[in-house]
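Report on the structure given below.
Please read all numbers here as calculations on a predicted model, not as lab measurements.
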Amino acid sequence: MKLFLVKHWKWILLIFLLYEICGALLPFVFYPQIGETFASSFQPSSFYGEESPDRARIVETSQDALDTRIEMISQAQERIVLSTFDIREGSSFRDIFSCLLEAADRGVDVKILVDGLYGLVHMHGNPALYAIGSHPNVEIRFYNIPSLIRPWTFNGRMHDKYLLIDNQLLLLGGRNTFDYFLGNYNKKNLSYDRDVLIYNTDYSASSPLKSSVLGQIEDYFQTVWDSKDCRTVFENPPFWLKDKEAEEEAALMAHYETLTITKPQLTASGKDYTKETVPTGKVTLISNPIHIWAKEPWVWYQLQYMMAHASDRVLIQTPYAVFNQTMYDGMTEAASQVPTTMLVNFTAVGDNFMASSDYTRNRNKILDTGIEVMEFFGDHSSHGKSIVIDHRLSVIGSYNLGLRSTYVDTELMLVIDSPQLNRQLTDYILDMAESSLRVLPDGTYEENPRIQPIALTKQKEILFAVTSRLFQLIRYLI
């Protein structure tokens, strides 16, 4: 056997590489259609209501996003759930995880759920996470940890981002948990993004959730948490990290003490969120399937229906747009009903290279749908995912208007029936449109003396010319 392996190692390596490539790509090549079970259960009228216990506000700036997270954790009495796509070491990490450790020390049950691929890449070996994860009141789990033996596990990522506090508070949106999205620690390298805060006015630590959307997110979380694709991590530090774990725990405790001095208003408990939030008629969670395979496009199906049945307007903000024929047809239908505007990053501004490459090639197809396209020329990339439908519905969450979000990853969006919140969201999107240029049907820009288009360098033009064609082979994963 040993002689055989030595003699044929090149063929063995080739077969292994083919297995890895085919296993990672082929399960996602074909786009699943909406099944009869889901289609028959979909009730568009359920997004509307007269009165909800949930109040809401938009969390727009990076600093507000970090402050709100610290403040929410400080309110916890019994339970904290943090579910996120990506956690990375940094100043905002220290702020948030020192607060989580303090909450655990005072008896709060803390659950942290992270995507397995990004968890391995950005969290593995961090002694601070062992200091947290080995705490008796804390458990950290990874969703779908990749395996070379099962290469299909490298796709089907968990893209959810939310923070749930008791039965009282929910923060859900597009922000990951590190400095690129949270705080102003690195002003030169930030991303514009958006969350929405939900405050359940029927809150009681012991009573069951009634008509609040927090009940829906709790059920969703528990289903993912208990699934066979999740595994507990960071509960037992290796022996070479034991001393560092103790040092990190002490450092986090000291960091929290500093926070109580420098930001006492954020670390205080007993906050009333009524004044800073607006009433809602109803808040509804929509999501994709939670398995790791190619998915029925549940989120897209519901969003497209709402857009196509709008009576006055549709306003979309998405970091990028990557469509298949089903999505081109859906956007064409929406644009034929009401004025439909989509705000996306200009190619040189966006931070997703593969999506920018695809947009370079397929921009004209998007324009052919009839939607009005605005390209954002801001000083930072925009990462927000939101839709305004008429003057009542607002949709905010993690879903990008692309093929990966539609067919591959788990995604969450909140549909909020509230004229007041609708006006808030409209104002924020239109404010970003002030730094954008309208793309005319022929692909040129409408002149705007206040906006100076950013020209691609010659090197980037050549690079995008190549990658925009190359990535078509795997665009179903973008």
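Note on Arg157 versus Asp409: no salt bridge recorded, every NZ/NE/NH1/NH2 to OD/OE distance being 4.0 Å or above. A salt bridge does not link Arg175 to Asp86: none of the charged nitrogens lies less than 4.0 Å from a carboxylate oxygen. Between Arg69 and Glu71, none of the side-chain N atoms (NZ, or NE/NH1/NH2) sits under 4.0 Å from a carboxylate O, so this pair counts as no salt bridge. By the 4.0 Å N-to-carboxylate-O rule, Lys282 lies too far from Glu51 to be salt-bridged with it. Under the 4.0 Å criterion applied to side-chain N and carboxylate O atoms, Lys161 and Asp195 are not assigned as salt-bridge partners.
The shortest side-chain heavy-atom distance between Thr177 and Ser92 does not fall under the 4.5 Å cut-off. Between Val278 and Arg57 the shortest side-chain heavy-atom distance does not fall below 4.5 Å. Residues Leu285 and Leu172 meet the side-chain proximity criterion, which asks for heavy atoms closer than 4.5 Å. Within the 4.5 Å cutoff, the side chain of Ile366 has no heavy atoms near those of the Asp368 side chain. For the pair Leu171/Met72, a side-chain contact is recorded, criterion being any heavy-atom separation below 4.5 Å from C-beta on. When side chains are defined from C-beta on, Leu425 counts as touching Ile58, because their heavy atoms get closer than 4.5 Å. Between Leu117 and Ile145, the closest side-chain pair of non-hydrogen atoms is not below 4.5 Å. Ser382 has its side chain within reach of Gln317: a pair of non-hydrogen atoms, C-beta onward, lies under 4.5 Å apart.
In terms of heavy atoms, Ala56 sits closest to Thr280 at CB-CG2, 4.0 Å. What you find for Pro53 and Asn200 is that their closest heavy atoms are CB-OD1, 3.5 Å. Across every non-hydrogen atom of Asn422 and Arg392, the tightest pair is ND2-N, 3.3 Å. Of all heavy-atom pairs between Pro319 and Gly384, the closest is CD-O, 3.4 Å. Pairing each heavy atom of Leu190 with each of Gly183, the nearest pair is CD2-O, 3.4 Å. Contact between Asp179 and Phe93 at its shortest, heavy atoms only, is OD1-N, 4.4 Å.
A side-chain donor-acceptor contact under 3.5 Å links Asp390 to the backbone of Ser311. Side-chain atoms of Arg194 do not come within 3.5 Å of backbone N or O of Val59 as any donor-acceptor pair. A donor-acceptor pair is defined here as one N or O able to donate and one able to accept, closer than 3.5 Å; such a pair exists between the side chain of Gln304 and the backbone of Gly330. In this structure, Thr277 contributes its side chain and Tyr273 its backbone to a donor-acceptor pair below 3.5 Å. Judged by distance alone, the side chain of Thr457 and the main-chain N or O of Lys460 form a donor-acceptor pair under 3.5 Å. Within the 3.5 Å criterion, the main-chain N or O of Ile165 finds no donor-acceptor partner in the side chain of Gln75. Side-chain atoms of Asp358 do not come within 3.5 Å of backbone N or O of Val322 as any donor-acceptor pair. For the pair Thr369 (side chain) and Lys365 (backbone), a donor-acceptor distance under 3.5 Å is absent.
Taking the ring centroids of Phe464 and Phe353, they lie under the 6.0 Å cut-off. Ring centroids of His383 and Tyr192 are separated by 6.0 Å or more, keeping the two rings apart. Ring centroid separation for the pair Phe42 and Tyr301 comes in under the 6.0 Å cut-off.
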Practice problem: Walk me through it: do Phe323 and Tyr328 pass the test ring-ring contact (aromatic ring centres under 6.0 Å, His included)? | Solution: CA-CA 6 Å; Phe323 300 158; Tyr328 284 123; 5.5 Å; yes
Quiz item: Could you walk me through whether Ser468 and Thr360 pass the side chain to side chain donor-acceptor pair (under 3.5 Å) check?
Solution: CA-CA 6 Å; Ser468 64; Thr360 299; 5.9 Å; no
Quiz item: Please walk me through it: do Arg404 and Asn155 pass side chain to side chain donor-acceptor pair (under 3.5 Å)?
Solution: CA-CA 9 Å; Arg404 172 170 281 279; Asn155 282 301; 2.5 Å; yes
Quiz item: Checking side chain to side chain donor-acceptor pair (under 3.5 Å) for the pair Arg88/His122: CA distance, chi angles, key distance, verdict?
Solution: CA-CA 6 Å; Arg88 302 185 194 181; His122 296 133; 3.3 Å; yes
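For the pair Arg363 and Tyr445, the distance from NZ or CZ to the six-membered ring centre is under 6.0 Å and the angle to the ring normal is within 45 degrees.
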Contacts table for residues 396-403: side-chain donor-acceptor under 3.5 angstrom, sequence neighbours left out:
| from | atom 1 | to | atom 2 | distance (Å) |
| --- | --- | --- | --- | --- |
| Ser398 | OG | Glu411 | OE1 | 2.7 |
| Ser398 | OG | Leu412 | N | 3.0 |
| Ser398 | OG | Leu412 | O | 3.3 |
| Tyr399 | OH | Thr406 | OG1 | 2.6 |
| Asn400 | OD1 | Lys385 | NZ | 2.6 |
| Asn400 | ND2 | Tyr320 | OH | 3.2 |

Anything under 3.5 Å between a donor and an acceptor, one on a side chain of residues 292-299, the other on a protein residue two or more places apart or in another chain? List them.
| from | atom 1 | to | atom 2 | distance (Å) |
| --- | --- | --- | --- | --- |
| Lys295 | NZ | His291 | O | 2.7 |
| Lys295 | NZ | Trp293 | O | 3.1 |
| Lys295 | NZ | Val408 | O | 2.5 |
| Glu296 | OE1 | Gly35 | N | 2.9 |
| Glu296 | OE1 | Trp298 | NE1 | 3.1 |

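The local environment of OH in Tyr118 is sparse, with at most 12 non-hydrogen atoms from other residues, nucleotides or ligands closer than 6.0 Å. The environment of NZ in Lys111 is crowded: more than 12 heavy-atom neighbours from other residues, nucleotides or ligands sit within 6.0 Å.
Within the structure, side-chain hydrogen bond (donor to acceptor under 3.5 Å, both in side chains) contacts touching residues 261-271 (residues at least two apart or in different chains) are Lys271-Glu276.
When only modelled atom types and interatomic distance are considered, Tyr407 and Asn288 share no side-chain donor-acceptor pair under 3.5 Å.
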